[in-house]
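These numbers come from a predicted model, not from an experiment.
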Number of protein chains: 2
Amino acid sequence: MPVELSPSQALGLWHAVSLEQVRVDKRDLTLRQISILLQIYLVPPPHTVRGLAGILGVTKPVITRALDTMGDLGLVTRVRDERDKRNVIIRRTVDGALYLEKLGDLIIDQGRKLPI
Amino acid sequence: MPVELSPSQALGLWHAVSLEQVRVDKRDLTLRQISILLQIYLVPPPHTVRGLAGILGVTKPVITRALDTMGDLGLVTRVRDERDKRNVIIRRTVDGALYLEKLGDLIIDQGRKLPI
DNA sequence: AAAAATCGAAACGCTTACGTAACGATCGAA
DNA sequence: TTCGATCGTTACGTAAGCGTTTCGATTTTT
C-alpha cells in the first residue's frame, strides 16, 4: 500500500517535520546520523560499523564518530561481539527508541496537517 | 487532503529518503540547514536572518553560519535590502531549487515504494 | 606456528559548527 | 542632530565533523 504524494506535499511534509524537529529538539543531528539511527532501529540486527559504512556509502571512521556522538546523547550503545571479538555490535537504547517514536509521531501529525 | 501514515510508514519513509539522500549527495546538511533551505524555497519572500532565527528558534549567528555554508554550496544567495540597508534578503538559486527538486522526487519515489 | 586479512578505533591536520558577546552600519525618534 | 534601537556579522574559545592513515586486537589462512 504505497503512499502517493504530490511534489508540493512531499516537500511540504519534509519542511514541516524538519522545522518542528529543530524547534522541539536541541540536538541537531546530521542526515548521516539520522540515517544511521533509523537503520539501526528499523532493520533487524546485528549492526556493525563496517556494515553501516557499506550501507551508507561512507568510511568507517564516519560511523565510529557518529556512534561516539550518538552514544554520548544516549541514542545508541556499543557492545563487543563475543563470537568474533573484532566486531562491535551496535545496540538500541530506550532513549533512542523514544527519539524515533517522537519523530514518527511528528511525521504522522504533519502529514495529517498537509493542505491540498 | 491530508496524508495518512502508519507509524511504520512514517519512519520507513524517513529512513528510505535519508539513506538514499546520504548515498546520492556528498553534502551532509544538518536538519537546521535543511529547514532553512525549505523555509526559503517554500514560503513566500522576503526572508531575513532575524526572521529565520525566530522561526527556527535559534540565534542569529546560527543562521548567518548556515547561510555562509549553503552560500558556498551555491544553494542560497544574500542581497542587501535597499529599502532598509540593515536587512539582508536571502534569495533562492538555481542550484538550490534543483537540490530541493531532487529531494522532492526522492520523497515521492520512496513513498511509492513503501510496503504494507 | 607464522603470516595475512579483517575489525573498529585512534591519530593527524583541517574545516565547520556552537553559544555568548561585542561590533559597525543603519534607521527612527526625541 | 544626537541618541537609542535594530540589523547582520565578526570574534572568541570550544566542540564536533571530515578524509586519510596508522594502530592494536583478533581471526583466518597457509
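You'll find the side chain of Val24(B) stays beyond 4.5 Å of the side chain of Leu106(B), heavy atoms only. Under the 4.5 Å side-chain criterion, counting only non-hydrogen atoms from C-beta, Arg78(A) is not in contact with Ile89(A).
Proximity note for Lys60(A) (side chain, C-beta onward) versus dA17(C), dG8(C), dT9(D): the nearest is dG8(C).
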Using the side chain to side chain contact (heavy atoms under 4.5 Å, CB included) rule, take Val22(A) and Gln33(B) through it: C-alpha gap first, then chi angles, then the decisive distance, then the call. CA-CA 10 Å; Val22(A) 166; Gln33(B) 294 171 331; over 6 Å; no
Tell me, with the steps shown, if Leu19(A) and Leu56(B) meet side chain to side chain contact (heavy atoms under 4.5 Å, CB included). CA-CA 7 Å; Leu19(A) 204 54; Leu56(B) 293 228; 3.1 Å; yes
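The nearest pair of heavy atoms linking Arg92(B) to Val43(B) is NH2-O, 3.3 Å.
Contact annotation: Thr30(B) side-chain N/O to dA17(C) OP1/OP2 distance is not under 4.0 Å. Look at Gln33(B) and you won't find any side-chain N or O under 4.0 angstrom from OP1 or OP2 of dT16(C).
A salt bridge is defined here as a Lys NZ or Arg NE, NH1 or NH2 lying under 4.0 Å from an Asp or Glu carboxylate O, and Lys102(A) with Asp105(A) fails to meet this definition. In summary, Arg83(B) and Asp81(B) do not engage in a salt bridge, as defined by a charged side-chain N under 4.0 Å from a carboxylate O. Contact check on Arg112(B) versus Asp109(B) returns a salt bridge, with a Lys/Arg side-chain nitrogen under 4.0 Å from an Asp/Glu carboxylate oxygen.
Between Arg50(B) and Asp72(A), the residue anchored nearer the 5' end of DNA chain D, judged by the nucleotide with its closest heavy atom, is Arg50(B). Ranked by how close their nearest DNA chain D nucleotide is to the 5' end, Val88(B) and Asp68(A) are led by Val88(B).
Counting any heavy atom pair closer than 4.0 Å across all strands shown, Thr64(B) reaches a base atom. Among the heavy atoms of the strands lying under 4.0 Å from Thr48(B) are primed sugar atoms or P, OP1, OP2 only; no base atom is included.
Legend: salt bridge (Lys or Arg N to Asp or Glu O under 4.0 Å) pairs involving residues 46-57 of chain B, not counting sequence neighbours: none detected.
Counting to the nearest Å, the P atom of dT16(C) and the CE atom of Met70(B) are 14 Å from each other. In this structure, Leu67(B) places its CG atom 14 Å from C1' of dC7(D), rounding to the nearest Å.
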Just by protein heavy atoms under 4.0 Å, how would nucleotides 19-30 of chain D read 5' to 3' in B, S and -? BBB----BS---
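Within residues 18-28 of chain A, no residue places a heavy atom under 4.0 Å from DNA chain C.
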